[in-house]
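All values derive from a computational prediction rather than experimental measurement. Along the sequence shown, the residues carry numbers beginning at 1.
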Amino acid sequence: MHRLRSGREVHTATLLPDGRVLVTGGFDFSSGFTPTTELFNPVTRRWEAGSPMKVGRFGHTATLLPDGRVLVTGGANVEGGFLKEAELYDPKSDTWTPTDSMASPRANQTATLLANGMVLVAGGLAEGSKALHTAELYDPTTGHWSPAASMKTGRYLHTATLLTDGRVFVTGGQDFDGVFRKQAEVYDPAANTWRRLASMHVARTNHTATLLRDGRVLVAGGGDRSPGFTASSEIYDPVANHWKVARSMPIKRGFASAVRLRDGRVLVVAGLNDSGALRSAELYDPKRNAWSRAASMHGPRLHQTATLLGSGAVLVAAGALAGGRVLATAELYAPHRA
């Protein structure tokens with residue numbers, strides 16, 4: 001496969017309605033943060049240059065809106081520190097347009113498209129090394145932000161999952177002192193309220209959370225260089241508000257990517273553990289509550305993105321090695337049916 005035009009990590013990848021994948025921003029230790037973007041064409045398997053963003057950033061979020069535009073917000077860069085600026089990408093014209101800024105600068109937050117078309121941004125890391133409790137709502141029809149109710153727990157590097165009933169399920173993360181969170185909570189858009197839920201069995205950050213076909217959520221892995229990584233996984237049932245310990249992954253990993261495949265299995269790929277960046281991948285089968293080895297990538301990486309394409313294949317793009325070298329490579333995973 002053709003290489004990306006630029007190496008990058010802590011970037012975003014968004015599947016567009018026309019089947020292409022928009023990659024934005026990221027970081028490279030040699031050149032710093034970048035405003036550049038590029039587009040992967042799954043038919044030609046080539047990367048094309050996209051128009052650059054107005055603001056270079058990494059650790060940001062990118063959300064596909066109902067009208068096909070992409071909202072990019074927050075993140076950080078060397079010049080501006082933590083960012084509150086937001087902008088919109090129109091894939092039809094390949095143009096970026098500034099939109100209303102968030103009230104609070106933040107990086108490593110989550111952004112979730114709600115059933116009503118609004119975007120919920122929650123948590124993140126802010127100036128003064130604060131793990132934010134606050135949340136905000138973006139209305140694409142007006143282009144404005146409004147405050148949402150604050151979370152019960154301040155956190156960043158957490159996960160946010162849209163449940164089948166329209167609520168947003170948040171797990172884990174950490175505060176600036178590196179304390180991992182085991183608390184979970186849920187946002188109700190109709191009431192604009194957060195409610196504490198049963199806590200996970202294991203405190204986690206840099207983990208994955210994947211909505212299963214039956215409405216439960218698989219949470220797997222997580223950790224950091226200190227105090228280390230975990231191979232454990234658990235499943236949350238939102239109807240019963242109950243966590244069940246699931247089988248552990250074959251190896252410990254954090255900073256991984258997880259994608260639910262068309263057949264319902266979950267692919268977990270790449271990341272980092274005590275041995276360094278990983279090239280291995282594994283598959284979780286919720287019917288059997290079992291993990292199995294998947295084909296390994298050609299090379300190791302962390303801080304990558306993984307995107308399910310219209311064909312059912314998974315695009316794993318860019319990232320870095322444990323020593324900091326940023327990658328411009330990409331790979332495609334073609335799953336076999338279970």
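Not a single donor-acceptor pair under 3.5 Å links the side chain of D94 to the backbone N or O of G50. Side chain of R204 to backbone of G221: a donor-acceptor contact under 3.5 angstrom is found. Listed for the R45 side chain is no donor-acceptor partner under 3.5 Å among the backbone atoms of H2. In this structure a side-chain-to-backbone donor-acceptor pair under 3.5 Å is missing from Q304 to L327. In this structure, the side chain of R155 engages the main chain of Q183 through a donor-acceptor pair within 3.5 Å. Between the side chain of E48 and the backbone N or O of N41, no donor-acceptor pair lies under 3.5 Å. A distance-only check finds a donor-acceptor pair linking the side chain of S233 to the backbone of R247 [under 3.5 Å]. No donor-acceptor distance shorter than 3.5 angstrom exists from the side chain of D175 to the backbone of G154, with no hydrogens or angles considered. In terms of modelled atom types and a separation under 3.5 Å, the side chain of W145 and the main chain of A103 share no donor-acceptor contact. Looking at H158, its side chain does come within 3.5 Å of a backbone N or O of A122 through a donor-acceptor pair.
Put simply, CG on D18 and NZ on K92 are 10.0 Å apart, with the number rounded to the nearest 0.5 Å. With values rounded to the nearest 0.5 angstrom, L157 atom CG is found 9.5 Å from F180 atom CZ. Interatomic distance, CD of E85 versus OG1 of T73, reported as 8.5 Å (0.5 Å rounding). Rounded to the nearest 0.5 Å, atoms OG1 (T95) and OH (Y89) are 7.5 Å apart. Between H207 atom NE2 and R181 atom CZ the span is 12.5 Å, to the nearest 0.5 Å. T307 contributes atom OG1, which lies 10.0 Å from atom CZ of F40 (distance to the nearest 0.5 angstrom).
A donor-acceptor pair shorter than 3.5 Å can be found between the side chains of Y138 and T99. Counted by atom type alone, R106 and T134 present one or more donor-acceptor pairs between their side chains at under 3.5 Å. Side-chain contact, Y156 with Q174: a donor N or O sits under 3.5 Å from an acceptor N or O. For the 3.5 Å distance criterion, the side chains of N192 and Y187 qualify, holding a donor opposite an acceptor. Side-chain atoms of R253 and S280 form a donor-acceptor pair, as typed in the model, at a separation below 3.5 Å. Side-chain contact, T24 with H60: a donor N or O sits under 3.5 Å from an acceptor N or O.
Residues V78 and F33 meet the side-chain proximity criterion, which asks for heavy atoms closer than 4.5 Å. Contact check for R69 versus T97: no side-chain heavy atoms found under the 4.5 Å cut-off. Side-chain contact between R225 and L272 is present, with heavy atoms from C-beta onward closer than 4.5 Å. Using a 4.5 Å heavy-atom threshold, the side chains of T61 and V119 count as separate. Counting heavy atoms from C-beta outward, L16 and L39 have side chains that approach closer than 4.5 Å. By the 4.5 Å heavy-atom criterion applied to side chains, R293 and P250 are counted as neighbours. Contact check for T159 versus V219: no side-chain heavy atoms found under the 4.5 Å cut-off. Under the 4.5 Å side-chain criterion, counting only non-hydrogen atoms from C-beta, H298 is not in contact with T329.
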Test L71 against L113 for side-chain contact (heavy atoms from CB on, under 4.5 Å), laying out the working first.
CA-CA 10 Å; L71 171 70; L113 178 68; over 6 Å; no

Steps toward side-chain contact (heavy atoms from CB on, under 4.5 Å) verdict (H11, E38):
CA-CA 11 Å; H11 53 291; E38 43 195 304; over 6 Å; no

CA sep, side-chain torsions, deciding dist, call: R5, T36, side chain to side chain donor-acceptor pair (under 3.5 Å):
CA-CA 10 Å; R5 305 172 75 90; T36 63; over 6 Å; no

I would like to know whether R279 and E331 meet salt bridge (charged side-chain N to carboxylate O under 4.0 Å, His left out); could you show each step before the answer?
CA-CA 11 Å; R279 62 187 291 263; E331 305 190 35; over 6 Å; no

Could you give me the CA-CA distance, side-chain angles and deciding distance for L315 and L15, then say whether side-chain contact (heavy atoms from CB on, under 4.5 Å) is met?
CA-CA 10 Å; L315 173 70; L15 182 67; over 6 Å; no

Step by step, would you call D139 with H144 a side-chain contact (heavy atoms from CB on, under 4.5 Å)?
CA-CA 6 Å; D139 187 342; H144 295 305; 5.7 Å; no

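Scanning all heavy atoms of the two residues, the minimum distance from A258 to V266 falls at CB-CG1, 4.2 Å. Of all heavy-atom pairs spanning W96 and K54, the tightest one is O-CE, 3.2 Å. Closest approach of A256 to A270, counting heavy atoms only: CB-O, 3.5 Å. Closest heavy-atom contact between Y236 and N241: OH-OD1, 2.7 Å. A313 and L332 get closest at one heavy-atom pair: CB-CD2, 4.5 Å. Nearest approach of F82 to P105, heavy atoms of both residues: O-CB, 3.4 Å.
Criterion: ILVMFWY side-chain heavy atoms under 4.5 Å apart, direct or through other members. Under it, Y333 and V269 are part of a common hydrophobic cluster. No single ILVMFWY cluster, assembled from side-chain heavy atoms under 4.5 Å apart, contains both L212 and L308. M102 and V55 are assigned to two separate hydrophobic clusters, defined by single-linkage of ILVMFWY side chains at heavy-atom distances under 4.5 Å. Taking hydrophobic clusters as Ile, Leu, Val, Met, Phe, Trp and Tyr residues chained together by side-chain heavy-atom distances below 4.5 Å, M249 does not share a cluster with V202. Hydrophobic clustering of Ile, Leu, Val, Met, Phe, Trp and Tyr side chains at less than 4.5 Å, counting indirect connections, keeps I235 apart from L197.
With respect to K182 and E234, no salt bridge is recorded, no charged nitrogen being found less than 4.0 Å from a carboxylate O.
Residues meeting the side-chain contact (heavy atoms from CB on, under 4.5 Å) test with R213, sequence neighbours left out: R260. For R57, the side-chain hydrogen bond (donor to acceptor under 3.5 Å, both in side chains) partners at least two apart in sequence or on another chain are E87.
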